[in-house]
Every structure is written in C-alpha cells, then in structure tokens.
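What follows is a set of notes on a single structure, which appears directly below.
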Amino acid sequence: QVQLVESGGGLVQTGGSLRLSCAASGRTLGNDALGWFRQAPGKEREAVAAIRWSAGNTWYTDSVKGRFTISRDNAKKTVYLQMNTLKPEDTAAYSCNLRNRGLNPPNYWGQGTQVTVSS
C-alpha cells in the first residue's frame with residue numbers, strides 16, 4: 001500500500017554535503033511521521049531525523065544537530081535530508097521510514113541509499 005524510494009546517496013569528502021530524497025507513493029500522507037535511519041557496518045541502526053508530515057515538527061539525534069536538516073514537499077510527497085559538514089562517522093546505509101499507528105503494518109521502509117564520507 002505504501003512505497004518509499006530513496007535517492008541521493010553517494011561518495012563525498014569530509015566537510016561536503018549531500019541531499020537525500022525519499023519519495024512516497026501508494027496513499028495520501030496525513031497523520032504520518034517520516035524519518036531517516038542509518039546503519040553502519042557492525043553498528044546498531046539509529047534514528048537520525050524525523051518530521052511530522054502535516055505539522056512539520058522535526059526531531060534530530062544529537063550527533064547531527066546543526067548539520068542535518070529534514071524537510072518535506074507536500075505536493076511531491078517527498079521528504080529530504082540535507083546533510084552538511086559531513087564526517088566519516090556519518091558513513092552508513094540511510095533508509096527512509098514512514099510510521100502511522102493507524103496503519104497495518106504501522107511502519108514502512110524504503111530500500112536504502114548508501115552514504116560514504118571519505119577521510
């Protein structure tokens with residue numbers, strides 16, 4: 001019912017920038033939260049940023065505050081993650097997540113996009 005497709009990953013040098021995109025399809029977005037997660041080899045998957053679709057409220061994990069910005073385009077049903085001042089520790093597979101407690105299942109995931117920051 002819900003499909004999420006990420007894009008925008010790649011290889012960048014320390015201090016560089018990337019913008020990730022997550023396009024949603026399959027239903028109209030409303031009472032949903034969209035988030036970005038990442039997982040590095042040998043590490044736990046962690047939440048990076050999230051946004052309430054309707055109201056636009058945002059949340060960030062401490063390690064990316066001031067560097068990353070999550071935003072959305074309602075017309076395109078797309079959520080973005082602008083990543084600035086990238087560090088090697090940002091290297092991970094980034095995945096888009098949609099959560100709505102009224103859906104079954106309540107969580108949907110994209111396929112992921114790789115971000116690699118060279119040192």
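If you're wondering where the values come from, they're calculated on a predicted model, not measured in any experiment.
Side-chain contact of Asn31 with Trp53: a donor-acceptor pair under 3.5 Å is absent, judged by distance alone. Judged by distance alone, the side chains of Asp73 and Thr78 never bring a donor and an acceptor atom under 3.5 Å apart. With hydrogens and angles left out, the side-chain atoms of Ser118 and Gln13 include no donor and acceptor closer than 3.5 Å.
Using a 4.5 Å heavy-atom cutoff, the side chains of Asn97 and Trp36 are not in contact. Side-chain atoms of Leu86 and Thr14, non-hydrogen and from C-beta on, never get closer than 4.5 Å to each other. Counting only heavy atoms from C-beta outward, the side chains of Leu81 and Arg19 never approach each other to under 4.5 Å. Looking at heavy atoms from C-beta onward, Ser7 lies out of side-chain contact with Leu20 at the 4.5 angstrom threshold. Annotation: side chain of Glu6 is in contact with side chain of Gln111 (closest heavy-atom distance under 4.5 Å). With contacts defined as side-chain heavy-atom distances shorter than 4.5 Å, the pair Arg52/Trp59 does not qualify.
Of the inter-residue distances, the one linking Gln114 atom CD with Arg38 atom CZ reads 12.0 Å to the nearest 0.5 angstrom.
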_Test side-chain contact (heavy atoms from CB on, under 4.5 Å) applied to Tyr108 and Leu103, step by step_ = CA-CA 10 Å; Tyr108 294 84; Leu103 299 178; 4.0 Å; yes

*Any chance you could lay out the side-chain contact (heavy atoms from CB on, under 4.5 Å) test for Leu98 and Leu4, step after step, and finish with the verdict?*
CA-CA 8 Å; Leu98 180 150; Leu4 304 172; 4.0 Å; yes

_Could you go through Gln82 and Ser71, starting from their C-alpha distance and side-chain angles, then the distance that decides it, and tell me whether this counts as side-chain contact (heavy atoms from CB on, under 4.5 Å)?_
CA-CA 8 Å; Gln82 179 66 47; Ser71 62; over 6 Å; no

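A salt bridge does not link Lys87 to Asp90: none of the charged side-chain nitrogens sits closer than 4.0 Å to a carboxylate oxygen.
Among residues two or more places apart in sequence or in another chain, the ring-ring contact (aromatic ring centres under 6.0 Å, His included) test is passed with Phe37 by Trp109.
Cluster membership for Tyr80 and Val115, using ILVMFWY side-chain heavy atoms within less than 4.5 angstrom, is not shared.
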